[in-house]
Amino acid sequence: MSYLLSVVLLPMLVGSAIACAALLGPLRHRAAIIECCVAYALAIAFLISFVHEVDLTALLRQLPVEAKDDDGPFERWHRLGLVALVLAFASPILALLTAAAPARRRTIVTAATLLAACGVGALVSFPGASNGGRALVAAVCALASGAMAMCGLRTALCALAVSCTGMAGCALMTGFPSLAVMCVAVAGTAGTIALLGCVPRSPRMPSAAGAISVVAGTLAGTAAACGSAYASGEVPSWSWNVLAVAVPLAGALLFTRITSFKQP
């Protein structure tokens, strides 16, 4: 019980509290604040779950930092924590950029999506990675982020929750419980924030394009790449990418259909 509280419930509570302050607080009508806090909440939930599941030293090994008396092995899948850390720092910056230049918002979001996808493809490697595999990881991250950008806030968060829940199930079936609990933490955080968005006082965001879509898509694509690299024969490796991309695409199609139906 203590383990589940630290790796699942605590990240969910922290992420949800950050998002709640933006969605229900006095600045709830500032779209930039909502974008910043929701994107940061998703990244920090994954990061907290990672640190509690593994340890902080595992994260520091990914950086040019030497911990005292550290002789632990270097695990390449631990780069998931580094990705979450970078996204946590980058999300407020991206939210401020899009708020400062609303006329160039689409260009900024597209550039940030491609930069994040190419960065993951080039710098985050897993066992058996080839040039083609790295290109596939970048494409999955870009497609997932692009699909999230076509959704409203609640639709994008629900899509992320469903995608991460599916990947958590795949991780359990392949004997990768560490990845499973991190996916559950993100899924629970995204689902809770989506529920907060249903509260009457909360504002309605017409689009998740920006820091939210970049963080959500990059997290989903990176988790899919990690799971696919360590997948056993019980779960086909392609199923991870399908969960990361197909679910957000379905959400985008559904959101577009509902939006067009509501228009007179």
Side-chain angles (χ1 to χ4, degrees), residues 1 3-12 42-43 45-55 58-59 61-62 72-85 87 117 120-121 123-145 147 158-191 215-250:
M1 183 61 68
Y3 169 77
L4 291 177
L5 287 174
S6 64
V7 300
V8 175
L9 186 59
L10 177 62
M12 286 175 54
L42 296 174
F46 192 102
L47 183 60
I48 293 174
S49 181
F50 175 89
V51 171
H52 280 266
E53 161 59 22
V54 191
D55 54 40
L59 179 62
R61 291 191 197 104
Q62 315 303 309
F74 181 89
E75 298 284 352
R76 279 188 282 179
W77 79 266
H78 287 171
R79 290 180 181 176
L80 288 175
L82 182 59
V83 171
L85 178 64
L87 291 174
V120 170
L123 302 176
V124 182
S125 63
F126 297 109
S130 61
N131 290 335
R134 290 172 181 269
L136 178 61
V137 172
V140 170
C141 290
L143 289 173
S145 297
C158 288
L160 178 62
V162 173
S163 180
C164 286
T165 300
M167 286 191 281
C170 291
L172 287 175
M173 287 188 288
T174 56
F176 201 169
S178 296
L179 179 59
V181 294
M182 295 172 201
C183 289
V184 170
V186 174
T189 304
V215 170
T218 304
L219 283 177
T222 309
C226 179
S228 178
Y230 291 90
S232 65
E234 297 180 5
V235 177
S237 59
W238 52 264
S239 60
W240 297 82
N241 295 329
V242 170
L243 285 169
V245 176
V247 175
L249 281 176

Problem - Whether Thr165 side chain and Ala161 backbone form a donor-acceptor pair below 3.5 Å - result: yes

Practice task
Determine whether Trp240 and Val140 make a side-chain contact, defined as any pair of heavy atoms from C-beta on separated by less than 4.5 Å.
Solution key: no

Practice task
Might you point out which heavy atoms bring Ala224 and Asn241 nearest each other, and give the distance in Å?
Solution key: CB-OD1, 3.9 Å

Problem - Donor-acceptor pair, side chain of Thr218 and main chain of Val215, under 3.5 angstrom - result: no

Exercise for the section: Kindly indicate whether the side chain of Tyr230, heavy atoms from C-beta on, has any atom under 4.5 Å from the side chain of Thr174. Expected result: no

Problem - Least distance between heavy atoms, Leu42 atom then Thr189 atom - result: CD2-CG2, 4.3 Å

Handout entry: Heavy-atom check, side chain of Leu80 versus side chain of Thr222, under 4.5 Å
Key = yes

Exercise for the section: Side-chain contact test, heavy atoms from C-beta onward, threshold under 4.5 Å: evaluate it for Met1 versus Leu5 and give yes or no. Expected result: yes

Problem - Close side-chain approach of Val83 and Phe50, heavy atoms under 4.5 Å - result: no

Practice task
Please report the shortest heavy-atom distance between Ala58 and His78, naming the atom on each side.
Solution key: CB-ND1, 3.4 Å

Exercise for the section: Rounded to the nearest 0.5 Å, what's the gap from CD1 on Ile48 to CD on Glu53? Could you check? Expected result: 14.5 Å

Problem - Closest contact, heavy atoms only, Ala84 versus Phe46 - result: CB-CD2, 3.7 Å

Handout entry: Shortest non-hydrogen contact between Cys164 and Ala187, atoms and distance
Key = CB-CB, 3.8 Å

Exercise for the section: State the CE-CG distance between Met182 and Leu219, to the nearest 0.5 angstrom. Expected result: 12.0 Å

Problem - Criterion side chain to side chain contact (heavy atoms under 4.5 Å, CB included) on Tyr3 and Val181, from CA distance to verdict - result: CA-CA 10 Å; Tyr3 169 77; Val181 294; 3.8 Å; yes

Handout entry: Closest non-hydrogen atom pair between Ser239 and Cys170, with its separation
Key = OG-SG, 4.4 Å

Problem - Distance, nearest 0.5 Å, that separates CG of Leu136 from SG of Cys141 - result: 9.5 Å

Exercise for the section: Starting at CE of Met12, measure out to OG of Ser49 and round the result to the nearest 0.5 Å. Expected result: 11.0 Å

Handout entry: Between CG on residue Leu47 and CG on residue Leu59, distance to nearest 0.5 Å
Key = 6.0 Å

Problem - CG-OG distance between Leu249 and Ser163, expressed to the nearest 0.5 angstrom - result: 10.5 Å

